[in-house]
Student: 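Dropping a structure here in structure tokens format, bear with me for questions.
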Amino acid sequence: MDKILYINACVRPESRTRKLAEIILERLHGEVEEINLEKEHIEPLTKESLDHRDKLLEDGIMEAPELKYARQFSEADIILFAAPYWDLSFPASVKNYMEAINVCGITFNYTEEGIPVGLCKAKRLIYVTTAGGPVIEPNMGYEYIRNLTRIFHGIENAEYYKAECLDVVGADVQGIMEKAKAEIISNV
């Protein structure tokens, strides 16, 4: 059975991004572990927290609570990001999460030439977003996640789903969401 890691960056109860993510989750088969970033309150790295993390790694204390997000990410078979399109990318909580999981020795290592080599099991990454206006391409949120997970974590297969222009005056919100849902259903 696949281990599905669902990274939920949706903050509104009526989140349209969450609704699309739920359609994806219905189509996947496996055990879902959700990380609700609003509830987790992951802080950005500071000198002190980075020094502490480096000390844990140096001492080989891989089971430390501070490394749990990296362990979860590394062990997942499928990773689903649900992140609303904010300020040309995603909520800041996603960046904090990525700092927490990008850990040398858990999610990646470096070769002698300084090239990152992924240590993650995931063979599939799915990214879903919704936007009130148009998604400006390239979508810097998706592209950041896509490139970091491919280059550092070795996850080659990525899928991207979006519903955009949902808050534009006169928009057919139901039609836009149905179109995104149909794309998900035909591809996931």
Side-chain angles (χ1 to χ4, degrees), residues 2-28 30 32-45 68-70 72-103 107 118 120 122-153 155-168 171 173 176-185 187-188:
D2 284 330
K3 287 174 118 177
I4 302 161
L5 185 60
Y6 171 35
I7 298 110
N8 177 358
C10 305
V11 297
R12 293 186 175 111
E14 71 284 356
S15 170
R16 298 173 291 206
T17 303
R18 182 183 297 115
K19 288 176 184 172
L20 293 179
E22 289 168 355
I23 293 165
I24 293 168
L25 289 170
E26 288 171 5
R27 307 211 40 92
L28 298 174
V32 177
E33 181 174 12
E34 179 180 352
I35 298 174
N36 184 317
L37 295 181
E38 184 179 25
K39 293 178 182 173
E40 294 295 317
H41 302 289
I42 301 169
E43 295 292 323
L45 288 175
K68 77 175 182 177
Y69 300 115
Q72 289 169 324
F73 195 88
S74 180
E75 295 166 3
D77 298 304
I78 300 171
I79 299 169
L80 169 61
F81 278 90
Y85 184 71
W86 286 4
D87 305 326
L88 300 179
S89 67
F90 45 60
S93 62
V94 176
K95 176 65 170 134
N96 292 349
Y97 175 78
M98 296 309 289
E99 286 183 353
I101 63 101
N102 207 44
V103 179
T107 55
C120 296
K123 301 298 179 222
R124 186 176 187 192
L125 175 115
I126 305 168
Y127 188 96
V128 63
T129 193
T130 57
V135 173
I136 307 300
E137 297 298 340
N139 176 340
M140 291 183 270
Y142 168 70
E143 293 297 331
Y144 169 79
I145 297 297
R146 173 70 195 112
N147 285 316
L148 187 65
T149 58
R150 182 178 53 79
I151 293 167
F152 275 83
H153 309 129
I155 305 169
E156 293 296 330
N157 183 12
E159 302 163 49
Y160 168 48
Y161 302 99
K162 67 179 176 181
E164 60 186 329
C165 296
L166 293 166
D167 296 334
V168 172
V173 175
I176 295 167
M177 290 293 287
E178 286 299 321
K179 181 180 176 189
K181 179 180 177 181
E183 182 184 2
I184 289 167
I185 288 171
N187 291 298
V188 175

Student: Does Arg18 have any salt bridge (Lys or Arg N to Asp or Glu O under 4.0 Å) partners at least two apart in sequence or in another chain, and if so, which?
Tutor: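 Result, salt bridge (Lys or Arg N to Asp or Glu O under 4.0 Å) vs Arg18: none returned.
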Student: Residues two or more places apart in sequence or in another chain: which of them pass side chain to side chain donor-acceptor pair (under 3.5 Å) with Asn102?
Tutor: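 Counting only residues at least two positions away or on another chain, Asn102 forms a side chain to side chain donor-acceptor pair (under 3.5 Å) with His153.
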Student: Could you name each residue pair satisfying ring-ring contact (aromatic ring centres under 6.0 Å, His included) that touches residues 129-149, not counting sequence neighbours?
Tutor: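 Sorted result for residues 129-149: Phe90-Tyr144, Tyr127-Tyr142, Tyr142-Tyr160.
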Student: Give, for atom CD1 of Ile78 and atom NZ of Lys123, the distance between the pair rounded to the nearest 0.5 Å.
Tutor: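 Going from the CD1 atom of Ile78 to the NZ atom of Lys123 covers 12.0 Å.
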Student: I need the minimum non-hydrogen distance between Ala122 and Ile155, along with the two atoms involved.
Tutor: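 The pair with the smallest heavy-atom distance is O-CG1, 3.6 Å.
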Student: Could you list the residues that satisfy salt bridge (Lys or Arg N to Asp or Glu O under 4.0 Å) with Glu22, not counting sequence neighbours?
Tutor: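 Scan of Glu22 (salt bridge (Lys or Arg N to Asp or Glu O under 4.0 Å), adjacent residues dropped) gives none.
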Student: Does the Asn96 side chain pair with the main chain of Ile42, one donor and one acceptor, at a distance under 3.5 Å?
Tutor: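 Checking the backbone N and O of Ile42 against the side chain of Asn96, a donor-acceptor pair under 3.5 Å is found.
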Student: Going by the rule salt bridge (Lys or Arg N to Asp or Glu O under 4.0 Å), which residues pair with Glu159 if we only count those two or more places apart in sequence or in a different chain?
Tutor: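 Glu159 satisfies salt bridge (Lys or Arg N to Asp or Glu O under 4.0 Å) with Arg124 once adjacent residues are dropped.
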Student: How far does CG of Leu5 sit from CG of Asp77, to the nearest 0.5 angstrom?
Tutor: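 Separation between the atoms: 10.5 Å.
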Student: Please test Ile184 against Leu20 for side chain to side chain contact (heavy atoms under 4.5 Å, CB included), starting from the C-alpha separation and ending with a verdict.
Tutor: CA-CA 8 Å; Ile184 289 167; Leu20 293 179; 4.0 Å; yes
Student: Check Ala163 against Ala180 and note the closest heavy-atom contact, atom names and distance.
Tutor: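 Shortest heavy-atom separation between Ala163 and Ala180 comes out as CB-CB, 3.9 Å.
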Student: Per the side chain to side chain contact (heavy atoms under 4.5 Å, CB included) rule, which among Val94, Val11, Asn8 passes with Leu37?
Tutor: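 Going through Val94, Val11, Asn8 one by one, the side chain to side chain contact (heavy atoms under 4.5 Å, CB included) with Leu37 is satisfied by Val94 alone.
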Student: To the nearest 0.5 angstrom, please state how far the CG atom of Leu148 sits from the OG1 atom of Thr107.
Tutor: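 Answer for the CG-OG1 pair, Leu148 versus Thr107, is 8.0 Å.
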Student: Side chains of Asp2 and Leu28, heavy atoms from C-beta outward: is any pair under 4.5 Å?
Tutor: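 A side-chain contact under 4.5 Å is absent here.
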Student: Which residues pass the side chain to side chain donor-acceptor pair (under 3.5 Å) test with Arg150, sequence neighbours left out?
Tutor: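 Result, side chain to side chain donor-acceptor pair (under 3.5 Å) vs Arg150: Asn147.
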Student: What residues form a side chain to side chain contact (heavy atoms under 4.5 Å, CB included) with Lys181, not counting sequence neighbours?
Tutor: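 Testing Lys181 for side chain to side chain contact (heavy atoms under 4.5 Å, CB included), a comparison that skips the adjacent residues, returns Ile23, Glu178, Ile185.
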Student: Hey, what do you get for OG1 (Thr149) to CG (Leu125), rounding to the nearest 0.5 Å?
Tutor: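 Output value for this atom pair is 4.5 Å.
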Student: One thing to verify: whether Asp167 and Arg16 come together as a salt bridge, which I'm taking to mean a side-chain N less than 4.0 angstrom from a carboxylate O.
Tutor: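 Salt bridge between Arg16 and Asp167, a charged N being under 4.0 Å from a carboxylate O: yes.
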Student: Could you give the side-chain donor-acceptor pairs of residues 128-137 under 3.5 Å, partners two or more places apart or in another chain?
Tutor:
residue : atom : partner : partner atom : Å
Thr129  : OG1  : Ala83   : O            : 2.6
Thr129  : OG1  : Tyr85   : N            : 3.0
Thr130  : OG1  : Thr17   : N            : 3.3
Thr130  : OG1  : Thr17   : OG1          : 2.4
Glu137  : OE1  : Asn139  : N            : 3.1
Glu137  : OE2  : Lys162  : NZ           : 2.9

Student: Taking all non-hydrogen atoms of both residues into account, name the closest pair between Ala171 and Cys165 and its distance.
Tutor: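 Closest approach of Ala171 to Cys165: CB-O, 3.3 Å.
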Student: Using the test salt bridge (Lys or Arg N to Asp or Glu O under 4.0 Å), find all partners of Glu40 that sit at least two apart in sequence or belong to another chain.
Tutor: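 Checked Glu40 against salt bridge (Lys or Arg N to Asp or Glu O under 4.0 Å); matches are Lys68.
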Student: Excluding sequence neighbours, so at least two apart, what forms side chain to side chain contact (heavy atoms under 4.5 Å, CB included) with Leu45?
Tutor: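 Listed in chain order: Ser49, Leu50, Arg53, Glu99.
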Student: Can you list everything that forms a side chain to side chain contact (heavy atoms under 4.5 Å, CB included) with Pro138? Sequence neighbours excluded, please.
Tutor: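 Pro138: side chain to side chain contact (heavy atoms under 4.5 Å, CB included) contacts with Glu143.
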Student: If I take atom CG from residue Leu80 and atom CD1 from residue Ile126, how far apart are they, to the nearest 0.5 angstrom?
Tutor: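 Answer for the CG-CD1 pair, Leu80 versus Ile126, is 5.5 Å.
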Student: So Met177 and Leu166, do their side chains get closer than 4.5 Å, heavy atoms only?
Tutor: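 Of all side-chain heavy-atom pairs linking Met177 with Leu166, at least one is under 4.5 Å.
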Student: Once side chain to side chain contact (heavy atoms under 4.5 Å, CB included) is applied, do any residues pair with Glu183, and if so which ones, sequence neighbours excluded?
Tutor: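 Testing Glu183 for side chain to side chain contact (heavy atoms under 4.5 Å, CB included), a comparison that skips the adjacent residues, returns Tyr161, Asn187.
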Student: Could you measure the distance from the CD1 atom of Ile35 to the CZ atom of Phe73? Nearest 0.5 Å is fine.
Tutor: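 The distance works out to 9.0 Å.
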Student: Step by step, would you call Phe152 with Met98 a side chain to side chain contact (heavy atoms under 4.5 Å, CB included)?
Tutor: CA-CA 11 Å; Phe152 275 83; Met98 296 309 289; over 6 Å; no
